[in-house]
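Model, not experiment: these values are computed from the prediction. All residue numbers refer to positions in the sequence shown, counting from 1.
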Amino acid sequence: MKGTKMQTTTKTAKELYFEVKANPARKRFGFGKKAALVNIDIQKAYTRTDLFKTAYEANPKQLDYVNELAAAFRKLGWPVVWTHVAYMDTAADAGVWGTRTDTPDSLQNIKFASERAELDDRLILDKNTDVFYEKKMPSPFFETPLQSLLVWHQVDTVILTGGSTSGCVRAAGVDSLSRGYRTIIPEECVADKHESYHYSNLTDLALKYCDVLEVKEVFDWLNGVES
């Protein structure tokens with residue numbers, strides 16, 4: 001059986017995403033019985049567009065939706081996880097990832113206790129029940145206790161929010177699937193620097209690794225569990 005040549009198109013990444021969304025080619029993984037909410041790097045370096053050139057915004061209500069999701073998870077007694085990246089003054093813990101550039105805006109220059117490392121002030125956090133992980137690499141699963149937490153809580157579904165869609169969210173989606181979790185990405189709850197990267201990765205994640213859904217559908221599921 002012969003293969004085909006790579007397809008070409010003049011459509012934008014955004015147009016292709018909404019085309020796939022309107023005509024899904026794969027069935028969903030679906031929700032399981034119990035979920036964890038993993039909020040990836042919603043920190044000032046990536047959210048405060050008024051302060052840092054590394055920040056971005058896709059949906060102006062993103063953080064509101066994340067707060068609502070977190071509240072719903074807490075009500076159910078399900079895990080709410082927040083990650084952020086931060087590095088030593090020497091950046092020795094950034095590894096090869098920290099070697100490409102060295103400017104004030106570079107990844108490895110998000111230092112411990114710096115403003116860039118802080119979670120966004122608009123987030124509603126519960127220091128008594130939420131879980132906070134510092135990570136060094138794209139995936140929140142890499143060398144953090146996240147896997148153990150999910151096993152302990154008997155979670156079979158992971159809901160991902162945060163950024164960036166093409167970076168840490170994508171890495172999380174691939175790792176989550178690889179570990180056997182049904183993985184859901186509410187599209188309004190993730191963001192990236194450029195719409196092309198954002199939508200091309202949402203398309204790829206939806207076709208291969210995750211269910212990319214409107215956040216309303218996630219709320220509907222959570223409300224059904226709650227009732």
Side-chain angles (χ1 to χ4, degrees), residues 29-47 62-63 65-88 93-98 107-108 110 112 117-120 123-186 189-192 201 205 208-213 215 218 221-222 225:
F29 296 109
F31 295 99
K33 295 180 180 178
K34 185 177 181 181
L37 179 65
V38 181
N39 306 297
I40 302 169
D41 304 349
I42 310 180
Q43 61 194 87
K44 293 179 182 178
Y46 304 124
T47 60
Q62 179 192 11
L63 302 193
Y65 289 132
V66 171
N67 284 331
E68 291 176 39
L69 286 171
F73 270 73
R74 293 186 197 107
K75 193 170 182 179
L76 289 167
W78 290 358
V80 176
V81 179
W82 307 91
T83 74
H84 76 284
V85 292
Y87 299 98
M88 301 162 54
D93 51 345
V96 71
W97 204 22
L107 174 81
Q108 74 270 24
I110 302 177
F112 295 141
E118 294 174 357
L119 294 177
D120 195 287
L123 296 172
I124 300 172
L125 311 174
D126 188 327
K127 297 295 179 69
N128 294 315
T129 64
D130 296 356
V131 178
F132 300 86
Y133 291 143
E134 178 186 285
K135 69 182 183 67
K136 306 295 178 181
M137 295 296 157
S139 173
F141 286 93
F142 183 77
E143 295 184 354
T144 76
L146 179 58
Q147 175 76 37
S148 296
L149 180 83
L150 301 184
V151 170
W152 170 247
H153 285 276
Q154 299 182 319
V155 161
D156 61 4
T157 303
V158 174
I159 312 292
L160 299 175
T161 79
S164 66
T165 314
S166 61
C168 297
V169 171
R170 182 190 174 86
V174 174
D175 274 3
S176 181
L177 172 86
S178 300
R179 285 164 171 77
Y181 295 106
R182 300 170 185 270
T183 308
I184 314 295
I185 299 177
C189 296
V190 293
D192 210 319
N201 279 274
L205 286 162
K208 298 173 183 175
Y209 308 114
C210 307
D211 290 345
V212 181
L213 309 176
V215 70
V218 180
W221 176 65
L222 292 170
V225 172

Trace of the side-chain contact (heavy atoms from CB on, under 4.5 Å) decision for Leu123 with Leu63: CA-CA 7 Å; Leu123 296 172; Leu63 302 193; 4.1 Å; yes
Go through the steps for Phe31 and Ile184 under the test side-chain contact (heavy atoms from CB on, under 4.5 Å), then give the verdict. CA-CA 8 Å; Phe31 295 99; Ile184 314 295; 3.9 Å; yes
If the test is side-chain contact (heavy atoms from CB on, under 4.5 Å), which one of Val66, Ile159, Leu213 qualifies with Pro186? Ile159
Judged by modelled atom types alone, do Asn39 and Thr161 share a side-chain donor-acceptor pair under 3.5 Å? yes
Between the main-chain N or O of Asn128 and the side-chain N or O of Asp126, is there a donor-acceptor pair closer than 3.5 Å? yes
Test item: side-chain donor near acceptor, Tyr181 and Gln147, under 3.5 Å: yes
Would you please classify the geometry between the Trp78 ring and the Phe73 ring as parallel, tilted or perpendicular, with 30° and 60° separating the classes? perpendicular
Kindly indicate, with the supporting measurements, whether the criterion side chain to side chain donor-acceptor pair (under 3.5 Å) is fulfilled by Asp175 and Ser139. CA-CA 7 Å; Asp175 274 3; Ser139 173; 2.6 Å; yes
Ion pair present between Asp93 and Lys136, side-chain N to carboxylate O less than 4.0 angstrom? yes
Say whether, by atom type as modelled, one donor and one acceptor occur between the side chain of Arg182 and the main chain of Phe29 under 3.5 angstrom. yes
May I ask you to decide if Lys44's main-chain N or O and Glu118's side chain share a donor-acceptor pair within less than 3.5 Å? no
Of all heavy-atom pairs between His153 and Pro79, which one has the smallest distance, and what is that distance? CG-CG, 3.6 Å
Using a 3.5 Å distance criterion without hydrogens, assess whether the side chain of Asp156 forms a donor-acceptor pair with backbone atoms of Lys34. yes
